[in-house]
Amino acid sequence: MIDIIRQISAIHREVARRTAVTGGPGISVSLQRTYDAPPADVWDAITNPERIKRWFVPISGDLRQGGKFQLQGNAGGDILHCEPPKMLRLTFGGATSIVEIRLFATDGDTTRLELEHNVPSDIAPSGAGSLFVGPGWDGGLLGLDLFLRGQAPEDPVKAASSPEVQEFSRQSAHAWAAAIAASGTATADEIAGALQASLAHFAPDVRDPSAS
């Protein structure tokens, strides 16, 4: 069983306007959470294909600087910078969609993971676009935590559509809607529309009480 409330609250979410890789305006989606594992172990879990498929989805390619990767049924891209066990920067689904992951050693042999996904405004005109990627990244951080704790499901891809994970995604979408509202990067109507689309994608089989 997943402690959904604990898992939702373990992630810090932030949405902001930032300069994109194009040099123009962009939207940044940032996440932080701490893992009960040292940086070297977390780094290996996010860069070793044999371990990635046990908590996320199968991946192919060369996960070194200058290499290319492809997630099964998901995005691919280029590895722009790789500094073990501290920082990984890559394109994700397009040359102007940039993801950077940073790891920091924290007290008690734990690790703080920071993930930032930045896209130009022609891809995401407002912060409401965060609702199309934020819950997905939340799901990845959830899967990583379960894996590091030895609680990962046998088939992470199949588990992603389970009622339990969909309920996590439903609450995640609402948490992202709150983060967007707090950021002032989208109107209430933009957030409401994106929230409904996000729920339909990430939690299609779960009833949302807020809709009643």
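Predicted model, so just to flag it, every value in this text is computed and none were measured.
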Asp78 CG to Asp62 CG distance, which is reported to the nearest 0.5 Å = 11.0 Å
Spacing of Arg64 atom CZ and Thr47 atom OG1 [to the nearest 0.5 Å] = 12.0 Å
Taking all non-hydrogen atoms of both residues into account, name the closest pair between Val119 and Ser97 and its distance.
-> CG1-OG, 3.7 Å
Does atom CG of Asp155 have more than 12 heavy-atom neighbours from other groups under 6.0 Å away?
-> yes
State the OG-CG distance between Ser9 and Asp3, to the nearest 0.5 angstrom.
-> 7.5 Å
For side chain to side chain contact (heavy atoms under 4.5 Å, CB included), just list the numbers for Val29 and Ser130, CA-CA rounded to whole Å, side-chain angles, deciding distance to a tenth of an Å, and then say yes or no.
-> CA-CA 6 Å; Val29 176; Ser130 305; 3.3 Å; yes
May I ask you to establish whether Arg54 and Phe147 are in a cation-pi arrangement, using a distance under 6.0 Å from NZ or CZ to the six-membered ring centre and at most 45° from the ring axis?
-> no
Charged N to carboxylate O below 4.0 Å: is that the case for Asp36 and Arg149?
-> yes
Are any of the side-chain heavy atoms of Ile79 and Leu88 separated by less than 4.5 Å?
-> yes
Has Arg170 got its NZ or CZ under 6.0 Å from the middle of the six-membered ring of Phe168, at an angle within 45 degrees of the ring axis?
-> no
Is there a donor in the side chain of Ser210 and an acceptor in the side chain of Asp208, or the other way round, less than 3.5 Å apart?
-> yes
Heavy-atom pair with the smallest gap, counting every atom of Leu71 and Val57 | CD2-CG2, 3.7 Å
Could you grab the distance from atom CD of Glu116 to atom OG of Ser30, nearest 0.5 Å is fine?
-> 4.0 Å
Answer whether the closest heavy-atom distance between the side chains of Ile59 and Lys53 falls below 4.5 Å.
-> no
Can you tell me how far the CG atom of Leu31 sits from the CD1 atom of Ile11, to the nearest 0.5 Å?
-> 6.5 Å
Of Trp176, Phe202, Phe56, Phe92, the residue whose pairing with Trp137 passes ring pair (Phe, Tyr, Trp, His ring centres under 6.0 Å) | Phe92
By side chain to side chain donor-acceptor pair (under 3.5 Å), which residues pair with Asp205, not counting sequence neighbours?
-> Gln166
Supply the atom-to-atom distance His81 NE2 to Lys86 NZ, rounded to the nearest 0.5 angstrom.
-> 10.0 Å
Between Arg33 and Glu114, is the closest basic N to carboxylate O distance under 4.0 Å?
-> no
For Leu148 and Arg51, which heavy atoms make the closest approach, and how far apart are they?
-> CD2-NH2, 4.4 Å
Within residues 121-138 or reaching into it, pairs that qualify as salt bridge (charged side-chain N to carboxylate O under 4.0 Å, His left out) - sequence neighbours excluded = Arg13-Asp138
With sequence neighbours excluded, what pairs up with Glu154 under the side chain to side chain donor-acceptor pair (under 3.5 Å) test?
-> none
Provide the closest heavy-atom pair for Ala186 versus Ile191 in the form atom of the first, atom of the second, distance.
-> CB-CG1, 3.9 Å
Write down the atom of Ala37, the atom of Thr111, and the distance for their closest heavy-atom approach.
-> O-OG1, 2.6 Å
Going by atom types only, do His117 and Ser28 share a side-chain donor-acceptor pair under 3.5 Å?
-> no
Can you find a heavy atom in the side chain of Leu103 that is under 4.5 Å from one in the side chain of Met87?
-> no
